[in-house]
Amino acid sequence: MDFGSFLSAPEIKIKIVTYRDIFQNKAMIEDRFGEDYRASSALIKLDPADLKQLGIKKGDTVIVKNSFGKIVVRAEESGYEAPHRGTAYMPNSPWSNSLVSDETGGKGVPRFKDITATVTTAKGEKVTELEF
Amino acid sequence: MEKDYYVCTGCGLLCDDIEVELEKNAVNKVYTACRVGVAHMKEGSRDSAFLVDGKPADEAAAIKEAALILKNAKNPLVFGLGTSTNEAQKLAIELAKKLSATLDDTSSFCLGPVVEALLQEKFKTCTLDDIRHKADVAIFWGADPSDSHPRHLSKFSYFPRGQEKQRGWEEERTAICVDIRKSHTAKICGNYFFQVPQGGDAEFIEALIAGLSGKIPKTSYNYPPKKLLELANILKGAKFGTIFVGLGLLYSLEDLGPLVRLLETLNEKAKGSFHLVPMVGHYNMRGFNENLFAETGYVNSVKFEEGAVKHGPEYSVVEALKAKAVDAALIIGSDPLSSLPRSIAKNLLEIPIITVDPCETLTSRKAKVAIRSGVSGVESGGSATRMDGVEVSFKPIVETNRPSDEEVLKKLMEAL
């Protein structure tokens, strides 16, 4: 029996910044329901120290959630030289948009690049399917 | 031999030097274009498709059903059009008037305010050709053209040997990046990458203005004053400078005030002149803004009502959906179920949707009527407005049986 499954997994609070990626953009044009687009979109880039704290390896899936949504995406190391614990990066996609607040202050502009969420291990759960 | 060059409608750069090879009326090879452009130009040549309730229908039945939805709606939303030609956009404006509709495009939640300020002449601007031939300083601010507009640096802003810049980037051009992360563009800028904390742009601008004015630049996040003064000195020495404004900068500012003040200070203190160009993503978002501006005096977020036009954020796609103020949606070349926050986009599922799009999208899958149109710039021609306001005409590359956005809108108008 895996007693580890009864222990609460570490959870960290993060700020997510979204960005554009040329490979992801190309994959979207070719097939927005395809595997390439999913692989290049449904991911979160974390500081290596945050990965370690979560007890996961790069490539493992994580649950990212807040009061607006919950997604399962793949975790990667950001590769940025400067440490950025507590800040994570996601390509702009329907996955990141699942977490964007509906609070706009009546201005019509959602905070696409300023998301607060928690991350925890998904314990092998698969990446969220795109559907409504 | 005279060669045929085509225009790539893959992004707001509208590169006009593309060569293609065709095989069986499909684009087989694309030369000169970037990774995104190649994928985009190979997109065409799929079958025509009209779907009603997810089932194949003929064109007449689909148009009839779409017209019925629009007729029955009290306040329909017409949205998208960033990847439609100027001709299609003008028709959509007419259609929105006829329907007393709410009309908006993606610019209401991206670079619309910057284009609006340019059209109101609040900023000095220039063309990308001016930049290619004259510019010595380019600032990419909250923008990453290496990913979003891949040929920006090579065709216009950094690497070219322009008429007055024959020595190119090695000696005569400086590329600067201000961003919250070390993007691919930031890597190219090397030592001229200035990393600011999230939300720290307004303060960075004020500090830079102080530096340009001979004061000590201070920020609450203790950005090294020496580095800010170094940046101020480069900018002061510029003969022809441009700030390329990306979403990263715009989303970080409460309003455009700091940016207006920075441009004013630069034009006062620098050797030469400073300009601003928005990093428009969709190939004809700027066209939509200009066409609507010419018609109504507003760039987006309008509601037509009995010959009058109302404008305000409440008529933006985001607020209109959030407030559930619209009761049907005609969506042209856009996929709001993908691109809007899910918490807001989900309200679309409560109203009938008509999509006109070359691709199958999350939104088209939920549409009552889905019309698969030809890829604008590949299967149909027209004109568009580049990110810098230059109008570019283009012809179709391949023949198709799919209708263009313009043809669909014409038929919808007739059916109404």
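Predicted, not measured: the structure shown is a model, and the values here were computed from it. Letters go in sequence order (proteins before strands), and every chain restarts at 1.
Rounding to the nearest 0.5 Å places SG of B:C34 at 8.5 Å from CG of A:N25. One distance of note links CD1 of A:I29 with NE2 of B:H40; it measures 7.0 Å at 0.5 Å rounding. Within the model, atoms OG of B:S338 and CG of A:L130 stand 6.5 Å from one another, a figure rounded to the nearest 0.5 Å. Expressed to the nearest 0.5 Å, how far CZ of A:F33 lies from CZ of B:R365 amounts to 3.5 Å. Annotation: the span from A:K15 atom NZ to B:I180 atom CD1 amounts to 9.5 Å, rounded to 0.5 Å.
Using a 4.5 Å cut-off between heavy atoms, B:L247 touches chain A through backbone and side chain atoms alike. With a 4.5 Å cut-off on non-hydrogen atoms, B:D335 touches chain A through its side chain but not through its backbone. The contact between A:S101 and chain B is made entirely by backbone atoms, counting heavy-atom distances below 4.5 Å. In this structure, the portion of A:S93 lying under 4.5 Å from any heavy atom of chain B is its backbone and not its side chain. Neither the backbone nor the side chain of A:D31 comes within less than 4.5 Å of any heavy atom in chain B. Heavy-atom distances place the side chain of A:R32, and not its backbone, under 4.5 Å from chain B. Both the backbone and the side chain of B:L337 come within contact range of chain A, judged by heavy atoms closer than 4.5 Å.
The side-chain heavy atoms of A:I22 and B:P150, taken from C-beta on, include a pair separated by under 4.5 Å.
Remark: B:K187 NZ is loosely packed, at most 12 non-hydrogen atoms of other residues, nucleotides or ligands lying under 6.0 Å away. Taking a 6.0 Å sphere around OH of B:Y192, one finds it holds 12 or fewer heavy atoms contributed by other residues, nucleotides or ligands. More than 12 heavy-atom neighbours from other residues, nucleotides or ligands sit within 6.0 angstrom of NZ on B:K346. Within a 6.0 Å sphere centred on CG of B:N28, other residues, nucleotides and ligands contribute more than 12 heavy atoms. Atom CZ of A:R74 has more than 12 heavy atoms from other residues, nucleotides or ligands within 6.0 Å.
A salt bridge between A:K107 and B:E254 is present, with a side-chain N of the basic residue lying under 4.0 Å from a carboxylate O of the acidic one.
Closest approach of A:N97 to B:L340, counting heavy atoms only: CB-O, 3.5 Å. For B:Q198 against A:V17, the heavy-atom pair with the smallest separation is NE2-CG2, 3.7 Å. B:S339 approaches A:F112 most closely through the heavy-atom pair O-CE2, 3.3 Å. The two residues B:K366 and A:F132 have their closest heavy-atom pair at NZ-O, 3.1 Å.
Counted by atom type alone, A:T104 and B:E319 present one or more donor-acceptor pairs between their side chains at under 3.5 Å.
When the side chain to side chain contact (heavy atoms under 4.5 Å, CB included) test is applied to B:D144, the partners found at least two apart in sequence or on another chain are B:S146, B:D147, B:R181, B:S183, B:H184, B:T185. Partners of B:E350 according to the salt bridge (charged side-chain N to carboxylate O under 4.0 Å, His left out) rule, which considers only residues two or more places apart in sequence or in another chain, are B:K324. Every residue was checked against the salt bridge (charged side-chain N to carboxylate O under 4.0 Å, His left out) condition with A:E77, not counting sequence neighbours, and none meets it.
Of the possible polar contacts, none joining the B:K182 side chain to the A:E81 backbone as a donor-acceptor pair under 3.5 Å is found.
Among A:A27, A:G106, A:S96, A:A82, the residue making the largest number of heavy-atom pairs under 4.5 Å with chain B is A:G106. The greatest number of non-hydrogen atom pairs below 4.5 Å with chain A, out of B:G248, B:G312, B:S343, B:S252, is found for B:S343.
When the heavy atoms of residues 105-112 of chain B are compared with those of chain A, the residues falling under 4.5 Å are B:S108, B:F109, listed by number.
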Step-by-step side chain to side chain contact (heavy atoms under 4.5 Å, CB included) determination, B:Y251 to A:V109: CA-CA 8 Å; B:Y251 285 166; A:V109 188; 3.6 Å; yes
